[in-house]
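In this text the structure is predicted, and so the values were computed from the model without any measurement.
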Amino acid sequence: MPTTVRLNDREPVTDPSPAQRRIVAGARNAARILAFGGLLAVAVVLTRLLAGGQSVQVASVSVPVDRMWLVFTALTVAHVFTARFLAAYIEKYLDQMPSPMRAGWVFDEITTEGNVFVHGLISRAVSRRRLTFVHRMSRHDPSAWVARGAGILLVIAVPPWWWGRSGLQWSGDGWLVTLALVLPLVNWWAGSKWLISLSRLEDLRNRVERSAQDPVDESDIDDLKRLRVWLVPVRPRGSFEQSISTLLRLAERPLPIDDTQAQPPARSRPTGPRPPVESLTTSQRVSIAITYLILRASFPEADLPADPWFVTDAERSIYQSDWAQDRFQVGLVRRRWTEIELSN
């Protein structure tokens, strides 16, 4: 029987793929590094205030407070390393064109955890209009406030000061003040990389849900036809997102087949919105079906239904004989490592 899909159904994912599990595990590791560093910063500041700047226990080892900058530097290196590969994993996963349910599951799995650095995270995928490398952090995002507080604590924890009987005391190298400013900036940059990439998963789900009720118009059909006729195997991610969205909307709304409909003039270039498609010709349906089968084989993570109404055994036979070896793939786009999060 043909399959009907509903784009706005948030069904639970019961079979997470290795790529999904890899992202969730990486995000948990990055969040644990941040949480451990945040707790250490609290302990160091309290020690400087209440214990005269003596020492702090780190993994059963007593570390003098004036040497804690070594621990914070090591944690920063670990965070940068984890963030670098985690962001790459997420972008590679997005290139696999995951379904909105799978993309949203990864985001929810991470942001519903108890770690305060990701709990309640609000998507930061939207960049500012003028500064496209700057991404918004919502005032209603609790994890954003935690990140700000941790950054301030790190600035306070690293310099060589303590509170003694005569008040504020200072002893040590002045370069630690510079380090106290550099470490929070590096951690903020690294956190921005993987959290912005993570936010793109939620943004994908939201975009698909918003477009679920959009009609399929003639330009959508033309784009699907060009995708197969030209068969450019490497295309931008957005191009495939649009094509898959159109196919899912078609799968949800069966159209009649009408081979008597008039064809537009060959040189016509319509301007403005084009009318919704009310029927398809047999030629259009066959072309769409072949494109669908190639896309389904190219992007398994998209979870395209196996039996949409516009695919018949005839198209499957044509696909197996002529197109079975053809695959699409997303063109590699270098993500800017200057992306950073800022408040609204």
ask   = Hey, would you say the F299 and F328 ring centroids sit under 6.0 Å apart?
value = no

remark   = Taken in chain and number order and not counting sequence neighbours, the residues that satisfy side-chain contact (heavy atoms from CB on, under 4.5 Å) with A31 are N115, V118

ask   = Any chance the side chains of D203 and S123 put a donor and an acceptor closer than 3.5 Å?
value = no

ask   = Side chains of S298 and Q329: donor-acceptor distance under 3.5 Å anywhere?
value = no

inquiry  = So, using side-chain contact (heavy atoms from CB on, under 4.5 Å) as the criterion, who are the partners of Y89 when residues are at least two apart?
reply    = R22, I23, F85

ask   = Any chance the side chains of E315 and T312 put a donor and an acceptor closer than 3.5 Å?
value = yes

query = Do you see a donor-acceptor pair shorter than 3.5 Å between the side chains of S143 and R124?
reply = yes

note = Applying salt bridge (Lys or Arg N to Asp or Glu O under 4.0 Å) to D313 and not counting sequence neighbours gives none

Pairs flagged by side-chain hydrogen bond (donor to acceptor under 3.5 Å, both in side chains) wherever residues 31-42 is involved - sequence neighbours left out = N29-R32

task = Go through the structure and list residues passing side-chain contact (heavy atoms from CB on, under 4.5 Å) with A190, not counting sequence neighbours.
result = H79, V80, A83

ask   = Looking at residues at least two apart in the chain, or sitting in another chain, which of them share a side-chain contact (heavy atoms from CB on, under 4.5 Å) with I152?
value = I156

query = Between R237 and D95, is there a salt bridge with N-O shorter than 4.0 Å?
reply = yes

ask   = Do R148 and W145 meet the cation-pi criteria used here (NZ or CZ under 6.0 Å from the six-membered ring centre, within 45° of the axis)?
value = yes

Side-chain ion pair, E202 and R205, N-O less than 4.0 Å = yes

